[in-house]
Amino acid sequence: MSRYSIFSLARNALTGHRNWPKAWRSPNPKPAYDVIIIGGGGHGLATAYYLAKNHGVTNIAVLEKGWLGGGNTGRNTTIVRSNYALPGNTLFYEHSLKLWEGLSQDLNFNVMFSQRGVINLAHSDGQRDAYKRRGNVMRINGIDAEYLDRDEVADMVPLLDTSPDARYPVKGGLLQPRAGTARHDAVAWGYARSADSYGVDIIQNCEVTGIDIENGRAVGVQTTRGAIKAAKIGTAVAGHTGHLGAMAGLRLPFETHVLQAMVSEPLKPCLDMVVTSGVAHAYISQSDKGELVFGGDLDFYPTYAQRGNFPRIEEVVETMLTMFPTFSRVRLMRSWGGVIDMTMDGSPIICKTPIDGFYIDGGWCYGGFKATPGSGWVFAHTIANDQPHELNERFTLKRFETGAVIDERGAGATAHAH
Amino acid sequence: MVDLNLSRSALDGVFTQGAFGAAGDPGVTLSERRGGALLDLSTGDIDATRRAIATQFGVDLPTKSGRTATGDACRALWTGPGHWLIKTAPKPNLERAWADAARNSAVNDVTHGRIVLRIKGPSARDILAKGCPLDLHPTAFPTGACAQSLIGKINVTIDCLDADEFDITTGRAYAKSLWAWMTGAAAEYGYRVE
Amino acid sequence: MLHIACPWCGLRAQSEFTYANDGTLIRPDLSNDSIDDHYNYVYARDPRRGIQDEMWRHSAGCGQFLKVRRDTLTHEIHATGAPQDDLDVPKDDRS
Amino acid sequence: MTGQVFRNGAGGRIDRTVPLSFTFDGKNYQGFQGDTLASALLANGVRVVGRSFKYHRPRGILGAGFEEPNALVQLGDGARTEPNTQATRVELFDGLTATSQNRWPSLQFDISAINGLFHRLLPAGFYYKTFMAPANLWMTYEKIIRRAAGMGRAPTQMDPDIYARRFAHCNVLVIGGGPAGVSAALAAGQSGARVILAEDNPQLSVSETELADMDNVTVLTRTMAAAYYDHNTLILSERIADHKPAPAPFETRQRMWKVRAQQVVLATGALERPLVFPNNDRPGVMLASAAQCYAADFAVRAGNQAVVFTNNDSAYGAARDMKAAGIDIAAIIDTRPEISDSTRELATNTKVLTGHAIIDVASGRGGATRGVTLKAIHPDTGAPKGSPIDIACDVVAMSGGWNPTIHLFSQSKGKIKYDGARAAFVPGQSFQQERSIGAANGTFDHEACIIEGHNAGAAAARDVGFDAPDARTSPSGIPPAAQPLWSAPTGAKRFVDFQNDVTADDIGLAYREGYQSVEHLKRYTTLGMGTDQGRTSNVNGLAIMADHRRLDIPEVGTTTFRPPFSPITLGGIAGWHTGQNFEATRQSAMSAWHEAQGATFSNAGLWRRPEYYPRTGMTPAEAVHHEARHVREKVGVVDVSTLGKIDVQGRDALEFLSRVYINNLTKLPVGKCRYGVMLREDGFVFDDGTITRLAEMRFLVTTTTTHAGPVMTHLEYLAQVQWPELDVHLLSVSEDWAGIAIAGPNSRTLLSQLFQDVDFANEAFPFMGYRETNAGGVPVRLFRISFSGEHAYELNVPADYGLNFWTALLETGADLDVIPYGTEAMNILRIEKGHVTGAELNGRVTADDLGFAGMMSKLKPFVGQVLARRDALTAKGRRQLVGLVPADGETPIPAGAQILADPDAPPPEFTPAAILGEVTSNCYSPALGHPIGLGLVEDGSDRHGDTLYAHSPITSETVAITLTNPVFVDPAGGRLHG
């Protein structure tokens, strides 16, 4: 792998940038691999990378039905944080955040992880206490968190409406200073390039159409580019886990929903933090290009179509302008949708399945992007060792049968309320 | 002893009479309707209930969705399968009488849980269309039609009394918000409050 | 924006409706105390890329739940009916 | 007319009798009514209007409409300022002010243009390869990058304007008021169908009086179709007042139409493509159609001397119109080796060089074009050859062919296809009830457009049952002019995406590095990601990538066209529903009274509830404590109208409730209440409230304020979907009844005075009893229930009487020292009594966790019963409700604290910290004289008397606490029952 740096950039400038190598190869699939990862998004590529780097497994194929990072890796609002309250989530997301902190250097690819801070706004006394409760869990677990009062929030986010007579007045907020945003596409590309350098075969335009199971054991996959054998098969196919599970005969506690996101036209810097509101669900930040990036709730009906409808856009924009009234004359530039696996408790599933050699990583609900490094790290561990790491031992399928659900919102067994 | 029988509208003190908004001929007149009774009627036995209501109120309950029927001092709005909103002059103890007499059905006196706003004038349909997703074109929503839908984010029942005249019923607690919406929506056309 | 034909009120805008649940779920009998059966009712789902039956509620209309046969890839709605209706039976033939 | 040196004395669609003044970058200019800002700037000879995004190169006006990537200005200032506005779509008005963007300190001298010198270091994606070391400097680098990026500035003052949304329905919606669209609207309108025609320009392209006379046709001008969603729903953005200095009083600035159309006709036209050649971004290089438009519509000469550069026939018409407007056409450069005779006829007396191409553009003062260099090109490879020819000019009018505007078609899920003859993507199979016509369909012939429009409009109307005019025969067989795509194969800075500074070399680099799929290309180079969303760049970019990959363009594919078609204001999308109007507010019958008393309010769902009533001489906390203490000592009244209330009637009402509550209700007689708990299907606690049997087959159940909606939905779902055989009728009556709780030792006396016909004696009206009475003709419901733990009642009266009863209670009870209390005091009272609410009912607790196990009937099945038996819900170590008191008897228990045995334990690595529980509620108890709290603690029921720590590092508080029974006040219930 040719190293990226200001020096290599200068050197290549002399030759008109004609000699840069491909970031990753485009090999044809081999007949068999030690491990097949289905899904060439951030999670799948990260899994391949950590399998190679941490566990010495390099005979791996990553199968992607379209283009790398074309699922939710390239469709999210790029927020990275670890401000969770329940055991299972806290340390997992924190581990992921720590990996983010060294990711650009680890991958030698600038993923532009911007630790600008994430503020969750509290709009009532109850919410204030709930955020303190969460912040305390974080602190006790060694995760950074600060509680801000209204004036401190107003200082950090000057355009936010913090007036006491607002429809939902801001009472304060929970700040995680180390949280922030990252350049989403770069994460997929960075992992792809590094995984490739370990010899991982990244195969695009290769859709899995069937899982071969013999005697209760997964032995290979059928794809649009032929059958491929493998000793172990893992899926990391945000939004399509239920569908792939069904190929293997599993009924999973998922529904697939569409989540929309949108950006404004680019503006000079006017919002330095990521701000989320708890009353009306919305999250807003400003990209390095200057676009305001924002999103809110699901469209609230199951779908596999990567397109949403207008009522949700109206509601998200209403919320955004209620928070930031002066953005009224700013224009919406682009909106899009991504499909996500909504689990019945809002937390992910990273585990072995009842089928030997078949592993799933899914159920990321709203939160898959920030989990990318952590998810790949523990999923690689799980596949390599055939047992979970401590960090993902609660993310089982079994938890729904036993009742050991990880339900941050307390919304119960619905797939669209978390 | 204090007088306990003093009923107050949810819009008490919320509006004043007069002309507001854009200058010129007002697009609509807004007013609150008070004084009648509202009954919510739900039944699992439509035929028996229709007979009973015909006897008691002299109105033939509409069975087609979105239709109203008018009796002597009574108007019945279809609000769902086996479900009606009956607007009538107040009669004592309707609810109790019904509960004792009828089976497989329920009546609730909702007079005090709802408010009724009347909007009348050439801009009425345009104003409602600003918040209501129904097709309000006169051919699609003619005189005598009714529907439950939304205005803004508020659930409402819309009763088309005449070409440009509507009664809008909503929950009492939403009265101020609906009033704010109505006057906000009507301002560009100009409106009178009566 | 979706437009859904409420079996009682006719074609109405999406904003009057709320999605409720998988439309094929039948709650285990009251006498059934099998955890597995309740688990299947409450948690397990069969994802359908394509046409599936769903339960929606005409929440800002008549308040009734309705069954909606919808394509999850295209959002086309092929049929609607009352919760107990068999949508395979043409609308006019349903009892 | 001084200054408008590029304006002709006659011609165009402008009104010379209405001169308008405006400023650009602080300098005064003149234009006319009917101008756009762009046409007026050109008329005044303003060439440089902005700086490019990355290299800060001077840029001029490229287009004349939607396609414009360069001429983006900051419009206006103060509260009405608006960033990134396309000068080509701004209608000029008197007093308009505009400022160029993305330059500092000035448009003429921009410091960041130094980026241009380092351009070799800044190829596509350079930032992915650098700024990584040292790691801690990235946040500094990022600040600089952010400051350099952006474009316009967001307003920082409140927008004074009004926005509206509205719904509309029609049989046929026609998008586009060009010849095809107007023809379609006419044909559909003649059938009697309800038609809406939307056109972005201030007027239709043809004046059509017949259309205006049709009552069934609504023509919306200044209206842009922004999006095409499912089920034929389109979003239109109408600009009502943007062409004026400010809206009139009460006038809406912009109205967003949400149109549900049975049939849609898309007549959205086509946009011209630039050609890709070195320095094709110099100010003065513009689209031929734009130069033509300025000449014909605005009587503005884009310059004095033009070179027309084309690969197709359409530019010859442009050259003719430019020439007619007085622009000297130095030459027409055509990349095609040969052109037809008819084409050549269009260019009589003009020098035409076929088989040639521009290989460089020279710039003069301020960067503006002053000449071009040409070469002959190889007919097969397109490679320049031979000796260069220089031609002086100040305008280059280029045409690279036409892209049908298929954005809406694509948004509708229609399949687009590549048409090699037209060298463009055109609509293929429709998915929705939609037809594309005219230039949007690749039909460029005027007559053919009109006929296609007529036929589509008529067919659309016919499809929805109208009797529409017959189809006309199209003069078919008009071949599109051959328009091979051409781009200069070499040379520096051949811009493909002008707004984002993406060059042909960048695309080459993306190809070499493997970012070859169109989405990777877009994301790696930012091609097509600007505010123009790649309108002028996408197809050229695809063609260049296809060339590298040796594929045909359709094999490379296209990126998805995302809504909106062109950016629309956030204010327009939100309409009424922002700020105070974001959501409706629910008010109880007593709201106005609480407000008049100066109460502060909190939100509970949509409801506003009074928190406390200020008292002179007391701090807020003291006032709250006073209220709470007073209830325990005397009597208080509190507004509880917001509780959910559901009327349940029917033969099977009891059976139904037995199935949804954990309680055994069979022994609940008429006239009694019971405290009830509901589980979710998953076995966790859903909600609590009371069940009152009003009559044999009629019950009133209450819910918490916030769960009223979800509980009602849950009950309706069960009744309608799962148990339709039950005869049960549910109705939410939350708003029908005002609710007042009367609590305290004096409550019985107070009510006895007000309702003298009711026997309030304990035997006659015991705890959990229910009575109805009639007070002055008003039906009254009385419940002897208590949330505070005091001797207490709840009173329900029809809501219109609520305020009157409230004031009557206060008046009647004046001698008994009655006071109103708010939710804060209510919260204290219920904590003192160990009653649970939101923080305890957190969706993760079981009935047993809260001490309700005894209520769970074993005699009947109920919702949630089975899954509540699961291992994790019954295991040891679950968190249970406990009371908390500070070990020292005085230190407040911190809100939101976690409960631990060892607050000094170091943070864990992979196993979660040993947190035993959490503080769910806390307050100072006036009754006890010290702080108390409620918490959920592992095996808490067995730990009464243990001392642990309430640890709140986030507020730097750690307090030793003792675990107790959660009922602090009157655990024996003497007050309730007495």
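Below, chains carry the letters A, B, ... as their sequence lines are ordered, and counting in each starts from 1.
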Is there a donor-acceptor contact under 3.5 Å from the side chain of [X] to the main chain of [Y]?
X: A:N141; Y: D:P912; value: no
X: D:N603; Y: A:R167; value: yes
X: D:K129; Y: A:F109; value: no
X: A:D129; Y: D:S921; value: no
X: D:R844; Y: A:E408; value: yes
X: D:Q580; Y: A:D165; value: yes
X: A:K289; Y: D:A149; value: no
X: A:D185; Y: D:Y524; value: no
X: A:R331; Y: D:P83; value: yes

Side chain from CB out, backbone as N, CA, C, O: work out which of these in [X] comes under 4.5 Å of a heavy atom of chain A, or both, or neither.
X: D:I573; answer: both
X: D:D682; answer: side chain
X: D:T531; answer: both
X: D:K413; answer: both
X: D:Y228; answer: backbone
X: D:V919; answer: backbone
X: D:L841; answer: neither

Side-chain contact test, heavy atoms from C-beta onward, threshold under 4.5 Å: evaluate it for [X] versus [Y] and give yes or no.
X: A:L68; Y: D:H520; result: yes
X: A:F310; Y: D:T233; result: no
X: A:N108; Y: D:M132; result: yes

Would you mind telling me which of [options] has the largest number of heavy-atom pairs within less than 4.5 Å of chain A?
options: D:H119, D:Q157, D:Q101; value: D:Q157
options: D:E82, D:R680, D:E681; value: D:R680
options: D:H231, D:R608, D:Q516, D:M256; value: D:M256
options: D:E611, D:Q411, D:E909, D:R120; value: D:R120

For D:Q898 against A:I140, the heavy-atom pair lying closest together: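 That closest heavy-atom pairing would be CB-CD1, 3.6 Å.
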Using a 6.0 Å cut-off, check whether atom [atom1] of [X] has over 12 heavy atoms from anything other than its own residue.
X: A:R25; atom1: CZ; value: yes
X: A:K398; atom1: NZ; value: no
X: D:R153; atom1: CZ; value: no

Considering only heavy atoms, which portion of [X] lies under 4.5 Å from any heavy atom of chain D: side chain, backbone, both, or neither?
X: A:A404; answer: both
X: A:F324; answer: neither
X: A:L86; answer: side chain
X: A:N12; answer: neither
X: A:E401; answer: backbone
X: A:P21; answer: backbone
X: A:S8; answer: neither
X: A:A23; answer: both
X: A:R116; answer: both
X: A:L14; answer: neither
X: A:D125; answer: side chain
X: A:R18; answer: both

Cationic N near anionic O, under 4.0 Å, A:R329 to D:D159: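 Result for this pair is yes, salt bridge flagged.
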A:R183 with D:E142: basic N within carboxylate O range, under 4.0 Å: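 Not counted as a salt bridge, because no side-chain N and carboxylate O are separated by less than 4.0 Å.
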Ring centroid separation D:W138 to A:F113 under 6.0 Å: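 No, the ring of D:W138 stays outside the 6.0 Å limit from the ring of A:F113, centre to centre.
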Ring centres under 6.0 angstrom apart (D:Y515, A:W67):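 No, they do not, as the ring centres are separated by 6.0 Å or more.
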Stepwise salt bridge (charged side-chain N to carboxylate O under 4.0 Å, His left out) check, D:E918 with A:R134: CA-CA 10 Å; D:E918 63 188 16; A:R134 191 202 288 192; over 6 Å; no
Pairwise distance CG(D:L570) to CE(A:M333) - rounded to 0.5 angstrom: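 Between atom CG of D:L570 and atom CE of A:M333 there are 12.0 Å.
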